[in-house]
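For the numbers below, each heavy atom of this structure counts, side chains included, while hydrogens, waters and symmetry mates do not.
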Amino acid sequence: MDTAFATPQDEIAALRALLAKRDAAIAERDARLLHAGLEIEKLKVQLATLRRNRYGRSSERLDAEIGQLEMLIGDLEEDQAQNNAVADKARDRPEGQRRPALRRPLPEHLPRETVVHEPVLACRCGCTDPARLTRLGDDVTEVLEKIPARLKVIRHVRPRYACRACEAVLQAPAPDLPVERGRPGPGLLAHVLVSKYLDGLPLYRLSGILAREGVEIERQTLADWVGRSAWWLRPLAEAIGRQAMSQGVIWTDDTPIAVLAPGRGKTREARFWVYAFDPRPWGGKGPPVAFYRYSPDRKGKRPQGHLAGFAGWLHADAFAGYDALTQAKHGQPARVTHVACWAHARRKLFDVFEATKSPIAEEALRRIRALYAIEAAITGLAPEQRRAERQTRSKPLLVDLRSWMEAQRRRVSGKSALGKALQYALSRWDALARYLEDGRFSIDNNLSERLLRGIAVTRKNFLFLGSDSGGERAAIIYTLAETAKLNGLNPESYIAAVLDRLAQGHPINRLDDLLPWKLRP
């Protein structure tokens, strides 16, 4: 440095300023590099998600990869925020002059609390009289805050009066509550049910959360509330089931759940089933419903019993337990017709491609993807339009795909993974092509698969159910909560409203008034 300084202190000050400038430049460069790394990781997540959407839920490995990448992105975003704060400090940038972030407006339905920050009256002229000030406007900053206390006590006071003339005692009757002589209100009961079954919180964890809010409620007490609430809600779940079975077309699937085997100290595998109907993809009338059933095993008699009153079209996978429903008996035509799932056929081919990079599997996936592109384009059209588009655009592709698959099947060994994947589709071709026949049908069974994903969260957190009766209770709550969600309702608010009305003596012959598509809490 050639600059001459009057004193050593001036030179030290100049050197410190240069160091601060250099540190700021380094911090800004590091922030840019971190931002670039963050964008790379986000693109990785998007790529993994697109691959899953393109080929279906191929494997747990892909889901784990997405989860790990999302966790990494969270860490990178926190690091970026910390480095931005350091860079702002190094440049002596005031807090209010930081780069504006793109934020969504806070929801209008949330209650607002206004805090007015009046300035200190310190004018240059020495004025201290507020009356001499002219208000130019307001700068408003909205901050989202959480109120820790979510519980409150409602005191039901019933005054007693005595008549001096006849000595009669007058008092209002005690309020009807979902748990007789119990303390939980319907809102708290609904919160416990949704936390347990939709959020996957075991009752002992929920007991600990409530304890942090200053309310000691034992796990056994919460379990008693769940059992009593399920008793109240069972008739309504059965009404939803009747609605599902009255439709001419439904979607079904099942998922495993471990259940404790009494006396053995081990678990056995039970099953949750869902029977769903959603007319929105074809603009149809009627409410969407999701009816859940529990069974202690996966024997074919379970879905046969569930569907004993159903007649129509059944979207399902290739489980052999449905065969008894779809076969003619005693000279009478079958009352159930199977509509097979292309997502299952595609998944088998995708697994082969992932493992071997087979060009035959890749070509099959490309052809199936073209069928899905047509489905995406006709979503929301009327059934007649959907059927016409499929007959014109999808049917020729399916004819070519079948001929191509048959040719490839003759070229490969039937014992190979590729041969088995091709044979899976070819042996079920009539059922796979059946979606062309009616605009209400769908190309796959993904509706019911989506409705079972929430149970996977429960399965990971609970590890197992305690008994078969616990599985039946879970099916009741899942039926009400998931059907409420399909109809655009908050499941916790809906269940609270239902429990309140049932406890107040809602007429049993007007139970349908409480169904999710009729009751608007």
Under 6.0 Å from the CZ atom of R234, do we count more than 12 heavy atoms belonging to anything else shown?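 Not buried by this count: 12 neighbours or fewer within 6.0 Å.
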Could you tell me whether the side chain of [Y] reaches within less than 4.5 Å of the side chain of [X], counting heavy atoms only?
X: Y322; Y: T252; answer: yes
X: Y435; Y: S394; answer: yes
X: L398; Y: R402; answer: no
X: P303; Y: R293; answer: no
X: P287; Y: F277; answer: no
X: H315; Y: D444; answer: no
X: Q385; Y: W282; answer: no
X: Y294; Y: I257; answer: yes

Hydrogens and angles aside, do S442 and W251 bring a side-chain donor and acceptor to less than 3.5 Å of each other?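 Present: a donor and an acceptor within the cut-off.
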Any side-chain donor near an acceptor of the partner, S469 and S467, under 3.5 Å: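 Yes, side-chain donor-acceptor contact under 3.5 Å.
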Separation of [Y] [atom2] from [X] [atom1] (nearest 0.5 Å):
X: D351; Y: K420; atom1: CG; atom2: NZ; value: 13.0 Å
X: F291; Y: I476; atom1: CZ; atom2: CD1; value: 9.0 Å
X: L307; Y: R302; atom1: CG; atom2: CZ; value: 14.0 Å
X: I374; Y: R393; atom1: CD1; atom2: CZ; value: 5.0 Å
X: I209; Y: Y204; atom1: CD1; atom2: OH; value: 10.5 Å
X: L432; Y: I443; atom1: CG; atom2: CD1; value: 9.0 Å

Show which side-chain atoms of residues 237-245 pair as donor or acceptor with protein atoms under 3.5 Å away, not counting sequence neighbours.
none

Under the salt bridge (Lys or Arg N to Asp or Glu O under 4.0 Å) test, residues paired with R440 that sit two or more places apart: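 Listed in chain order: D438.
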Run through K348, R428, R409 and flag the one making a side-chain hydrogen bond (donor to acceptor under 3.5 Å, both in side chains) with Q423.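 For Q423, the side-chain hydrogen bond (donor to acceptor under 3.5 Å, both in side chains) check succeeds only for R409.
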For [X] and [Y], indicate whether the former's side chain and the latter's backbone hold a donor-acceptor pair under 3.5 Å.
X: R386; Y: G439; value: yes
X: S448; Y: N445; value: yes
X: Q391; Y: L436; value: yes
X: T356; Y: V352; value: yes
X: S493; Y: L489; value: no
X: H338; Y: D317; value: yes
X: T483; Y: T479; value: yes
X: E362; Y: S358; value: no
X: Q171; Y: R158; value: yes

Taking the six-membered ring of F310 (Phe, Tyr or Trp), confirm whether the NZ or CZ of R335 is under 6.0 Å from its centre and within 45° of its axis.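 Pair R335/F310 does not count as cation-pi.
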Going by an N to O cut-off under 4.0 Å, is there a salt bridge joining [X] and [Y]?
X: E375; Y: R390; result: yes
X: R228; Y: D224; result: yes
X: D513; Y: R510; result: yes
X: E482; Y: K485; result: yes
X: R271; Y: E269; result: yes

[X] and [Y]: aromatic ring centres closer than 6.0 Å?
X: Y292; Y: F272; result: no
X: W429; Y: W342; result: yes
X: F441; Y: W313; result: yes

Report the C-alpha distance between L381 and I378 in whole Å, list the side-chain angles of each, state the deciding distance to 0.1 Å, and finish with yes or no for side chain to side chain contact (heavy atoms under 4.5 Å, CB included). CA-CA 6 Å; L381 298 181; I378 65 176; 3.9 Å; yes
If you compare all heavy atoms of P491 against all heavy atoms of L198, which two are closest, and at what distance to 0.1 Å?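 Scanning both residues, the minimum pair turns out to be CG-CD2, 3.8 Å.
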